[in-house]
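Everything numeric in this text was worked out from a predicted model, so none of it was measured. When a ligand or atom number is given, it counts from 1 through the structure's own listing order.
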Amino acid sequence: MTALTIPGLDQAPTTNERLLTWVQEVAELTTPDRVVWVDGSAAESERINAALVEAGTFVPLKKKPNSFWAASDPTDVARVEERTFICSVDPEDAGPTNNWMDPAEMKAIMTELYRGCMTGRTMYVIPFCMGPLDADKPMLGVEITDSEYVVASMRVMTRMGDKALARFTEGADFVQALHSVGAPLEPGQADVPWPCNDTKYITQFPEERMIWSYGSGYGGNALLGKKCYSLRIASVMARDEGWLAEHMLILKLISPEDKVHYIAAAFPSACGKTNLAMLEPTIPGWRVETLGDDIAWMRFGEDGRLYAVNPEYGFFGVAPGTDYHTNPNAMRTIEKGNSIFTNVALTDDGDIWWEGMGEKPAHLTSWKKQDWTPASTELSSHPNSRYCTPMQQCPILAPEWDDPKGVPISAIFFGGRRATTVPLITESRDWQHGVFMGATLSSETTAAAVGQVGVVRRDPMAMLPFIGYNAGDYFNHWIQLGKNANAEKLPKIFYVNWFRRGEDRNFLWPGFGENSRVLKWAIERLEGRAAAEETPIGHVPTPGDLDLTGLEASEQDITAALAFDAEEWRAELPLIEEWFAKIGDKLPTSLRDEFEALKQRLG
Ligand code: GTP
Ligand code: SPV
Ligand code: MN
């Protein structure tokens with residue numbers, strides 16, 4: 001069969017030569033049964049969802065409109081960092097924190113995997129745009145995929161279809177993103193609900209601004225506009241062009257006096273970004289509006305301030321732990337329907353349930369499609385189960401969410417999940433010290449990536465799995481941006497930790513909506529209205545410096561959550577030393593200086 005006979009291939013709704021040539025090449029290599037150019041229409045979405053129901057991938061929910069339950073293959077539940085590669089021409093450009101392979105060698109391996117891999121399947125061509133369509137230079141991409149689940153999810157997570165394709169003017173640049181689940185079907189072979197392959201590659205070619213993904217259908221491995229484009233490839237673009245692509249939420253904090261501050265916060269995967277982004281303040285009169293929950297692209301504006309845009313169009317949020325007490329706004333968002341739930345439990349009356357969502361139902365179908373009762377010893381939902389839901393359904397979405405200009409950031413929070421050592425909040429002394437805090441950020445690993453959970457590792461700027469180039473160069477980029485900026489207008493950097501534990505192993509700080517007290521203190525510090533104590537690691541509040549009115553927590557716990565413990569920090573020094581040694585020659589001297597100064601202050 002020659003490619004020209006593949007139905008649909010000739011129905012391209014574009015004259016963009018580069019796109020046409022590439023689609024033709026991929027079709028010839030992967031030999032799908034048909035090609036569909038995705039238009040993003042409601043009718044098309046209905047067809048895709050119906051096909052997914054037919055295939056057994058989706059179960060329609062009776063209790064939520066246009067919403068679906070999906071259970072993945074039990075081996076395909078999270079990002080696979082071991083299988084993620086930065087294939088820069090020079091290995092030095094991938095640096096000490098990424099897996100590297102020579103691009104030609106990787107292309108040879110993956111080309112053989114891709115050969116014939118879409119046989120028996122449909123090849124979808126998804127034009128998409130990360131960030132506002134009305135940007136001066138819309139950030140375009142095209143994902144080719146053989147997964148209907150990916151098409152349905154990309155519709156929620158990105159601006160896609162005809163509205164994106166309209167921006168593909170002659171010669172317009174776009175990121176090529178190729179994805180296959182790696183599960184061709186022989187004639188007559190029955191499909192499985194979640195096709196995937198034991199062999200997985202998540203590959204970025206930074207110089208070519210290109211992504212090749214193979215073998216997984218899961219979120220960050222398969223929805224290539226998200227981590228692959230908006231962080232790994234975009235961080236390289238940002239390095240080259242003088243901006244930042246970061247793993248950060250964006251929120252708008254409004255005081256009782258209607259004073260507005262925008263805050264961006266970087267926490268590692270499953271460490272609280274979505275929850276903070278949609279926070280419902282417990283302090284009277286304060287309000288939060290949401291702009292983004294996972295990724296921020298930040299550029300300096302003409303006024304010298306740093307402006308942030310969220311490239312995404314939906315939320316791909318951690319399900320367990322989400323309920324009306326912890327994250328009511330996420331609940332209200334998914335309640336409106338149009339959502340995909342993956343690896344959560346299904347209730348007998350056709351709704352979804354997960355650990356942390358109130359009382360345990362008497363019977364469920366678990367994410368492994370097994371009967372589940374409260375007596376079961378296994379979890380009903382995978383710890384990395386997710387809801388995928390349109391951002392525009394969020395009741396507290398900020399009206400300026402789609403503004404191509406972005407929003408000016410007053411404060412940047414870096415945070416991790418640490419049972420010890422790191423206080424609830426610490427204010428940096430200046431940009432360079434703040435970059436040091438980010439560069440040495442540490443966190444316990446979570447279920448968002450395959451591998452051991454609960455192991456403390458350095459996760460610089462919460463970007464360890466997402467920096468598309470050399471981590472030393474990345475630190476230097478942060479330092480240089482600060483040096484070239486007007487210091488007065490730079491966001492102030494803070495380090496937070498909602499996850500410190502007491503001797504009983506319980507969290508010392510109640511978290512969630514109570515985190516508004518921490519936001520308030522940070523903003524009042526910017527405005528010169530709140531007190532703090534100077535410590536060797538930066539400025540920390542005492543319990544008296546925080547607004548704790550009405551907080552139900554023991555004073556002892558609050559004191560322990562806020563405490564700077566010199567002993568614990570001295571124990572941290574060799575770990576930072578080891579981390580910096582790993583970064584090697586490219587570590588900016590200014591960060592080495594910060595380390596030496598910290599050591600000195602700790603005595
Ligand atoms: P990714 O989507 O993987 O990037 O995760 P995220 O950073 O958006 O994390 P998310 O907000 O989904 O929270 C992850 C887990 O941490 C959930 O189970 C939350 O319930 C829990 N969590 C979030 N915020 C807090 C908090 O302030 N305190 C405590 N104790 N848990 C929290
Ligand atoms: C994360 O792991 O940081 C996520 C989920 O946001 S994923 O899309 O899989 O990357
Ligand atoms: Mn994330």
Side-chain angles (χ1 to χ4, degrees), residues 72 76-81 84 150 153-154 156-157 202 213 216-232 246-249 251 265-280 282 290 292-296 310 312 314-323 325-327 329-331 342-343 354-357 379 381-389 413 415-419 424-425 443-451 453 459 462-466 496-501 505-519 561:
S72 79
D76 195 23
V77 295
R79 285 183 293 100
V80 282
E81 296 180 2
T84 301
V150 167
S153 304
M154 284 291 283
V156 176
M157 296 303 298
I202 317 299
S213 167
S216 171
Y218 168 78
N221 302 329
L223 313 179
L224 304 185
K226 197 171 176 51
K227 296 306 166 50
C228 302
Y229 181 154
S230 295
L231 289 178
R232 298 197 190 97
E246 299 298 327
H247 193 198
M248 291 181 181
L249 67 93
L251 68 80
F267 311 150
S269 302
C271 292
K273 287 183 300 302
T274 302
N275 278 270
L276 191 69
M278 298 183 197
L279 169 140
E280 210 163 62
T282 49
T290 307
D293 80 323
D294 200 50
I295 301 176
N310 171 14
E312 299 195 278
F315 304 126
F316 188 62
V318 175
T322 308
D323 81 343
H325 300 286
T326 56
N327 192 348
N329 290 312
M331 297 303 286
T342 305
N343 291 340
W354 49 68
E355 276 69 26
M357 195 199 276
L379 295 171
S381 307
H382 188 276
N384 191 41
S385 54
R386 300 261 167 178
Y387 56 80
C388 176
T389 195
F413 283 26
R417 184 184 282 270
R418 285 295 303 269
L424 184 63
I425 184 162
S443 197
E444 295 155 19
T445 51
T446 67
V450 170
V453 168
D459 192 340
M463 282 284 282
L464 180 68
F466 309 121
V496 299
N497 177 23
W498 315 141
F499 300 95
R500 205 170 186 183
R501 292 176 193 261
R505 296 296 294 159
N506 287 326
F507 293 121
L508 290 165
W509 176 252
F512 302 103
E514 305 294 3
N515 293 335
S516 55
R517 302 175 191 278
V518 179
L519 298 180

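Counting heavy atoms under 4.0 Å from ligand 1, residue W509 does not touch it at all.
For ligand 1, the polar-atom distance check finds no N/O of K227 at less than 3.5 Å from any of the ligand's N/O atoms. Considering backbone and side-chain N/O of A270, one or more are found under 3.5 Å from N/O of ligand 1. Considering backbone and side-chain N/O of K273, one or more are found under 3.5 Å from N/O of ligand 1. Polar contact check, F466 against ligand 2: no nitrogen or oxygen pair lies under 3.5 Å apart. Here's the thing with K273: none of its N/O atoms is less than 3.5 angstrom from an N/O atom of ligand 2.
Ligand 2 is approached by H247 to a heavy-atom distance shorter than 4.0 Å. Heavy-atom separations between P268 and ligand 1 include at least one value shorter than 4.0 Å. Heavy-atom separations between C271 and ligand 1 include at least one value shorter than 4.0 Å.
Close approach of ligand 2 to K226 (heavy-atom distance below 4.0 Å) involves ligand atoms 6 (O), 8 (O). The contact set between ligand 2 and S269, taken as ligand atoms under 4.0 Å from a residue heavy atom, comprises 1 (C), 2 (O), 3 (O). Every atom of ligand 2 is numbered from 1 in the order shown, and the set under 4.0 Å from a heavy atom of A448 is 2 (O). Here is the list of ligand 2 atoms found below 4.0 Å of a heavy atom in D294: 6 (O). Close contacts of ligand 2 with G220, meaning ligand atoms under 4.0 Å from a residue heavy atom, involve 7 (S), 8 (O), 9 (O), 10 (O).
Between the side chains of R232 and T84, no donor-acceptor pair of N or O atoms lies under 3.5 Å. Between N497 and W509, the side chains place no donor N or O within less than 3.5 Å of an acceptor N or O (distance only, hydrogens not considered).
Taking all heavy atoms of R386, R79, E355 into account, the minimum distance to atom 3 (O) of ligand 1 is reached by R386. Closest to atom 22 (N) of ligand 1 by heavy atom, among F512, W498, Y387, is F512. With distances taken over non-hydrogen atoms, the option nearest atom 19 (C) of ligand 1 out of N275, T326, T274 is N275.
Scanning the protein for heavy atoms near atom 9 (O) of ligand 1, the closest one is G272 N, 2.8 Å. Scanning the protein for heavy atoms near atom 1 (C) of ligand 2, the closest one is K227 NZ, 2.8 Å. For atom 17 (C) of ligand 1, the nearest protein heavy atom (residue, atom name, distance) is P320 O, 3.7 Å. R417 NH2, 3.3 Å is the protein heavy atom nearest to atom 16 (O) of ligand 1.
Contact annotation: D293 places no N, O or S atom under 2.8 Å from the Mn ion (ligand 3).
Summary: OD1 is the N/O/S atom of D294 found nearest to the Mn ion (ligand 3).
Nearest heavy-atom pair across D323 and H325 is OD1-N, 2.9 Å.
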